Amino acid sequence: MNNCQQMHRYSPLFSSLPEDQASSTGRHRCAGCAYDAGYQAGLSRVGNIDVSTIISQLPYSQAGTVRHKSPFAAFSLGYSAGMNASYE
């Protein structure tokens, strides 16, 4: 799996996410990419989601504000934002 090179790795949005160093499928996955995936799922109002599978397919990142942040929490935050945006 490749490393994320997107600028969202430095977004202050991810500073408040909980840290997650568990050896689960989310270890070192990019929380920014997880947020984006969650946002798209929420925007599309996807109801049945296998979050672990989605996160396991994301690129890695150890840079910036996403370093050691929970991709699961980031996905949830993105999903909520996307769901809210779907009503606009």
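Everything quoted here is computed from the prediction, not taken from an experiment.
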Would you say [X]'s side chain and [Y]'s backbone share a donor-acceptor pair under 3.5 angstrom?
X	Y	result
Lys69	Ser15	yes
Arg9	Thr65	no
Ser56	Thr53	yes

Interatomic spacing from [atom1] in [X] to [atom2] in [Y] - rounded to 0.5 Å:
X	Y	atom1	atom2	result
Gln57	Cys33	CD	SG	12.5 Å
Phe75	Ile54	CZ	CD1	4.0 Å
Gln62	Arg67	CD	CZ	4.5 Å
Ile55	Ser70	CD1	OG	7.0 Å
Cys4	His28	SG	NE2	14.5 Å

Problem set entry | Distance-only donor-acceptor check, side chains His8 and Asp36, under 3.5 Å |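 There is such a pair (donor and acceptor under 3.5 Å, judged by atom type) between the side chains of His8 and Asp36.
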Exercise. So which residues get pulled into Phe14's cluster when ILVMFWY side chains under 4.5 Å apart are joined, directly or through others?
Worked result: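 Leu13, Leu17, Tyr35, Tyr39, Leu43, Val66, Leu77, all in the cluster of Phe14.
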Problem set entry | Connected-component partners of Met7 among ILVMFWY, side-chain separation under 4.5 Å |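 Direct or chained contacts put Met7 with Tyr10.
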Problem set entry | Min side-chain heavy-atom separation Tyr60-Asn2 under 4.5 Å |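 No, every pair of side-chain atoms sits at 4.5 Å or beyond.
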For this session: With sequence neighbours excluded, give me every side-chain hydrogen bond (donor to acceptor under 3.5 Å, both in side chains) pair touching residues 75-88.
Result: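 Sorted result for residues 75-88: Arg45-Ser86.
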